[in-house]
Colleague: 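Input: one structure, supplied below.
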Amino acid sequence: MAVAKPDPAPEHDVVFAELGFRAASVAHEVGNLGGVVTVTDATGRILAEWGDQATLARATDANLAPWFCWSECAAGTNGMGTALEAHGPVLIRGAEHWCQAFHDWFCEGVAVRHVVTREPIAVLNISCWRSQLPASAGSWLANAITRTQRMLTRRARDSGAELVAAFSQARARSTAGLAALDNAGKVVIADETAGVLMGVPAATPAVDPTLRWRPGLPELIGAVRYASKQAARNPGWVGSTQIFTRLADEPTSITIRPVFTSGHLIGNLVSFGDADGAPVPRADGAAQPRPRPRRVVATRDNRMVLLRLPEVSFAESEGNDVWLSTDQGRLRAASAGLDKFDGELADAGFLRVHRRYVVNLSRVREVERGVKGELSLVMDDGGNTMVPVSRRNVPAVRRALDI
C-alpha cells in the first residue's frame with residue numbers, strides 16, 4: 001500500500017481549516033473585548049489571526065503576527081508556545097511571560113494533539129492587551145478543541161480499519177506471525193502467534209484509538225516509532241531488527257513494513273520470525289538477556305517468605321490479594337494484584353492462563369481436555385490442583401507447552 005511519496009498528514013490541513021473557522025466565528029466577539037485570536041502550527045508559527053484592529057496593530061509591533069514563531073525555545077513562556085509543551089489549557093498572565101516586552105499581554109492557549117501519537121498539530125490562542133481574559137475564554141477554547149479532537153478520532157478509526165484491511169491482505173500471503181501497529185506502537189490487530197509473543201489478545205481488531213493495546217515490549221515500540229519516522233521520509237523503506245518477546249530466551253527477528261493510505265502513513269505491519277530490510281538501530285542494551293527475578297516474596301504471619309521460582313506452582317487472585325500455591329503451602333504474595341505478578345514473571349516461565357490464574361509452566365503435570373475443547377491444567381503441587389484455561393488463552397498455552 002506504499003505510494004511514491006507521502007504528503008503531509010491530511011488531518012493537519014483539516015485541523016487548520018477547522019480552527020480557522022472557529023476563530024473567525026468569534027472574531028467579532030473577541031474583538032469587542034479588545035482581544036485577538038490566533039492559530040499556530042506545531043512549531044508555534046502563527047498561521048492567521050483575527051480580532052480588534054487596534055490590538056492587532058500592537059500585536060504586530062510585538063511580532064504577534066502571521067509567520068512569526070512563538071515556540072517556547074524561540075520566545076520563552078507564552079500562551080501559544082507553552083501550550084505546545086503542555087497537555088491541557090495554558091493561561092499566561094502578564095509577568096508570567098518570560099520576555100519582559102510581553103508583560104502587558106494576557107494569553108490563554110490550548111493545543112490540538114494527534115489522537116494516536118499525542119504529538120501537537122496546532123494551537124488555538126486568545127490574547128488581550130492590558131486586560132484580563134473574559135471568563136468565557138477557557139470554555140470556548142475547550143469546546144473548539146473538543147470538537148476538533150472528535151473529528152481526528154473519526155479519522156483515526158478510519159485509519160485503524162485500513163490497517164486491519166492491510167493486515168488481512170498480508171496475512172493471506174504469509175505464514176509468519178503478524179501484527180499491525182499504529183505509529184505510536186500500539187497494536188491494532190495481531191494473529192495468534194504475534195499475540196502470544198506480545199502478550200495481547202489475538203484476532204481482536206482495535207480500530208478505535210482509545211482501545212488499542214500497548215505491547216509490553218519496549219524494544220518493539222521503539223523500533224516501530226523509528227520505522228514510522230523513516231517511512232515518512234522514504235515510503236519504500238522496510239526495516240528489520242531483533243527483539244526479546246514474551247516466553248523467549250533468545251531474541252526474535254522482526255520485519256517492519258510501513259502502511260500508507262492516500263499517501264498518508266497510518267502504521268506498520270510487523271512480521272515475527274523473519275528479517276528483511278534495512279537494520280533498525282538498537283537502543284543501548286537492546287536485545288540483551290533481561291534480568292529475571294530470582295525470588296517471589298510472600299507473607300506468613302509476621303514473616304516475609306522468600307521463595308525460589310521453582311517452589312511456586314501457580315498464583316490465584318482473590319479480590320486484590322494474590323495467593324500462591326507453593327512447596328511450603330498456600331501463602332499470600334507480598335505484592336497485590338495478579339497483573340503485577342504476571343508482569344514481573346512473564347519472562348521467567350510463568351504464563352497468564354485465566355483472569356484469575358498465572359501458572360509456572362514447569363509445574364504443569366497434565367493437560368485435560370473437556371468435551372467442548374476447553375483445557376484444564378493439572379498442577380504438580382502435591383494436590384494435583386486443576387487450573388482452568390480461558391478460551392482466549394488456549395492458543396498461548398498450546399504454544400507454550402508445545403501441544
Colleague: Between D41 (side chain only) and G44 (backbone N and O only), is there a donor and an acceptor less than 3.5 Å apart?
Modeller: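 Such a contact is found between D41 side chain and G44 backbone.
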Colleague: If you measure only the distance, is there a donor-acceptor pair under 3.5 Å linking the side chains of E368 and S376?
Modeller: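 The answer is no; no qualifying pair exists.
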Colleague: For a 4.5 angstrom cut-off between non-hydrogen side-chain atoms, does V15 reach M151?
Modeller: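 A side-chain contact under 4.5 Å exists here.
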Colleague: Side chains of N393 and S390 only: does a donor on one sit below 3.5 Å from an acceptor on the other?
Modeller: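 The criterion, which ignores hydrogens and geometry beyond distance, is satisfied for S390 and N393.
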Colleague: If the threshold is 4.0 Å, N to carboxylate O, is there a salt bridge linking D182 and R212?
Modeller: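 Salt bridge present between D182 and R212.
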Colleague: Which atoms form the tightest heavy-atom contact between G79 and I92, and what is the distance?
Modeller: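 Where G79 meets I92 most closely, the heavy atoms are N-CG1, 3.7 Å.
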Colleague: Between the side chains of N183 and S228, does any donor sit under 3.5 Å from an acceptor?
Modeller: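 A pair is found: one side chain offers a donor N or O, the other an acceptor, under 3.5 Å apart.
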Colleague: Can a donor-acceptor pair be found, under 3.5 Å and without considering hydrogens, that links the side chain of T40 to the backbone of A122?
Modeller: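 No.
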Colleague: Return each pair, listed once, that meets ring pair (Phe, Tyr, Trp, His ring centres under 6.0 Å) where at least one residue sits in residues 52-74; pairs must be two or more places apart or across chains.
Modeller: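 Residue pairs with at least one partner in residues 52-74: W70-F102.
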Colleague: Using 0.5 Å steps for rounding, measure from the OG1 atom of T38 to the CD1 atom of I126.
Modeller: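 Here the interatomic distance stands at 9.0 Å.
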Colleague: Testing the basics here: between L152 and V115, what is the closest heavy-atom pair and its distance to 0.1 Å?
Modeller: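 That would be O-CG2, 3.8 Å.
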Colleague: Less than 4.0 Å between a side-chain N and a carboxylate O, is that true for R154 and D208?
Modeller: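 A salt bridge is absent here (no side-chain N lies under 4.0 Å from a carboxylate O).
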Colleague: Verify the neighbour count for atom NE2 of H28: are there more than 12 heavy atoms of other residues, nucleotides or ligands below 6.0 Å?
Modeller: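 It does not: H28 NE2 has 12 such atoms or fewer within range.
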Colleague: Under 3.5 Å, side chain of T117 to main-chain N/O of H114, donor-acceptor pair present?
Modeller: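 No; judged by distance alone, with no hydrogens or angles, the pair does not exist.
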Colleague: How far apart are the C-alpha atoms of E311 and T326, what are their side-chain angles, what is the distance that settles it, and do they pass the side chain to side chain donor-acceptor pair (under 3.5 Å) test?
Modeller: CA-CA 5 Å; E311 293 183 86; T326 79; over 6 Å; no
Colleague: Using only atom types and a distance under 3.5 Å, with no angle test, would you say the side chain of H264 pairs donor to acceptor with the backbone of T261?
Modeller: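 Here the side-chain-to-backbone pair does not exist.
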Colleague: When you look at CZ of R330, are more than 12 heavy atoms from neighbouring residues, nucleotides or ligands closer to it than 6.0 Å?
Modeller: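 For R330, atom CZ is crowded (more than 12 foreign heavy atoms under 6.0 Å).
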Colleague: So, does S174 use its side chain to make a donor-acceptor pair with the main chain of A170 at under 3.5 Å?
Modeller: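 Side chain of S174 to backbone of A170, a donor-acceptor pair under 3.5 Å: no, none is there.
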Colleague: Looking at Q169, is its backbone amide N or carbonyl O close enough to the side chain of R173 to form a donor-acceptor pair, meaning the two atoms are under 3.5 Å apart?
Modeller: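 Pair found, side chain donor or acceptor close to backbone of Q169.
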Colleague: Closest heavy-atom contact between P388 and H354?
Modeller: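 Shortest heavy-atom separation between P388 and H354 comes out as O-CB, 3.6 Å.
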Colleague: Under a 4.0 Å threshold between the charged nitrogen and the carboxylate oxygen, would D381 count as salt-bridged to R365?
Modeller: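 So R365 does not pair with D381 through a salt bridge.
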Colleague: Would R399 and T193 satisfy side chain to side chain donor-acceptor pair (under 3.5 Å), going step by step from the backbone distance to the final call?
Modeller: CA-CA 8 Å; R399 192 173 302 279; T193 299; 3.2 Å; yes
Colleague: Using the side-chain contact (heavy atoms from CB on, under 4.5 Å) definition, which of the options V39, I46, L124 pairs with M80?
Modeller: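 Among V39, I46, L124, the one that satisfies the side-chain contact (heavy atoms from CB on, under 4.5 Å) with M80 is I46.
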Colleague: Any ring pair (Phe, Tyr, Trp, His ring centres under 6.0 Å) pairs touching residues 313-347, not counting sequence neighbours?
Modeller: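 Passing the test, one end in residues 313-347: no pairs.
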Colleague: So, for A83 and V90, which heavy atoms are closest and what is the spacing to 0.1 Å?
Modeller: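 That closest heavy-atom pairing would be CA-CG2, 3.8 Å.
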Colleague: Assess whether a salt bridge exists between E119 and K229, defined as any Lys/Arg side-chain N lying under 4.0 Å from an Asp/Glu carboxylate O.
Modeller: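 Between K229 and E119 there is no salt bridge, as every charged N stays at least 4.0 Å from the carboxylate O atoms.
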Colleague: Once you round to the nearest 0.5 Å, how far does CZ of R355 lie from CG of D339?
Modeller: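 Rounded to the nearest 0.5 Å, the CZ-CG separation comes to 12.0 Å.
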Colleague: Please determine whether a side-chain nitrogen of the Lys or Arg among D104 and R58 lies less than 4.0 Å from a carboxylate oxygen of the Asp or Glu.
Modeller: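 The answer is no: the pair does not qualify as a salt bridge.
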